[in-house]
Amino acid sequence: MNDPQGSRATEPGVLELPASTALPQVGEIVEATSRDGQAVCLALLETGELAAFEPRCPHRGVPLCRGTLEGGLVICLDHFWRWHACSGEAAGGGHPALRTYRVERQGEGLRLLPP
Ligand code: FES
């Protein structure tokens with residue numbers, strides 16, 4: 001393996017994404033996989049901020065990479081629940097928050113930490 005960090009143990013609650021992770025374009029949500037096999041959504045906001053959040057809608061579990069981004073909000077297209085992409089705070093409707101991560105660069109890859 002050419003990746004010297006691949007065998008390092010990951011701290012609990014932290015996701016490490018390898019350099020090969022395909023990053024989203026502006027306004028796009030993509031699903032990525034951490035070194036230890038966990039799925040996560042990445043979204044690139046119009047502000048240039050990279051947001052990371054849980055990959056499935058807390059309502060009925062549909063993939064949020066099939067949703068859309070509008071003005072910094074993630075919108076699940078099944079029943080239109082909305083959240084602020086970076087904070088995970090629900091936008092109207094009183095539904096539960098989305099689990100999010102703080103994003104840090106780690107070499108060529110990314111490190112996602114609890115908020
Ligand atoms: S499945 Fe996402 S809002 Fe219902």
Side-chain angles (χ1 to χ4, degrees):
M1 178 180 271
N2 291 333
D3 184 353
Q5 296 176 338
S7 60
R8 193 176 70 186
T10 304
E11 298 168 42
V14 174
L15 301 182
E16 294 182 350
L17 304 184
S20 59
T21 300
L23 298 179
Q25 300 295 311
V26 173
E28 185 182 33
I29 305 171
V30 299
E31 190 166 302
T33 305
S34 69
R35 291 183 194 282
D36 63 353
Q38 296 185 61
V40 64
C41 277
L42 299 174
L44 186 56
L45 309 186
E46 292 177 358
T47 59
E49 204 165 2
L50 184 61
F53 48 87
E54 63 182 290
R56 298 284 181 264
C57 179
H59 184 211
R60 293 195 180 161
V62 303
L64 286 172
C65 60
R66 295 192 328 218
T68 62
L69 270 180
E70 284 183 27
L73 298 178
V74 178
I75 304 171
C76 178
L77 295 180
D78 275 39
H79 307 98
F80 303 102
W81 284 15
R82 303 178 306 151
W83 303 267
H84 294 275
C86 293
S87 70
E89 179 185 339
H95 50 275
L98 203 59
R99 189 174 66 250
T100 59
Y101 300 88
R102 288 182 292 125
V103 180
E104 290 183 352
R105 295 276 174 193
Q106 182 181 54
E108 297 292 315
L110 296 175
R111 184 172 158 88
L112 309 181
L113 303 107

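We're numbering straight along the sequence, starting at 1. For ligands, and for the atoms within them, numbers begin at 1 and follow the listed sequence.
Taking the six-membered ring where tryptophan is involved, the planes of His95 and Trp81 are essentially parallel, since the angle between them stays under 30° and well short of 60°. The aromatic rings of His79 and His59 sit perpendicular, their planes meeting at an angle over 60°, well past the 30° parallel limit.
Between Pro24 and Leu50 there is a side-chain heavy-atom pair separated by less than 4.5 Å.
By the criterion of a separation under 2.8 Å, the protein N/O/S atoms near atom 2 (Fe) of ligand 1 amount to Cys57 SG, Cys76 SG.
Each of Ile75 and Val62 belongs to its own hydrophobic cluster when Ile, Leu, Val, Met, Phe, Trp and Tyr are linked at side-chain heavy-atom distances under 4.5 angstrom.
By the 6.0 Å contact criterion, CD on Glu108 is open, its count of non-hydrogen atoms from other residues, nucleotides or ligands being 12 or less.
In this structure, Arg66 does not pair ionically with Glu31, as no charged nitrogen and carboxylate oxygen lie closer than 4.0 Å.
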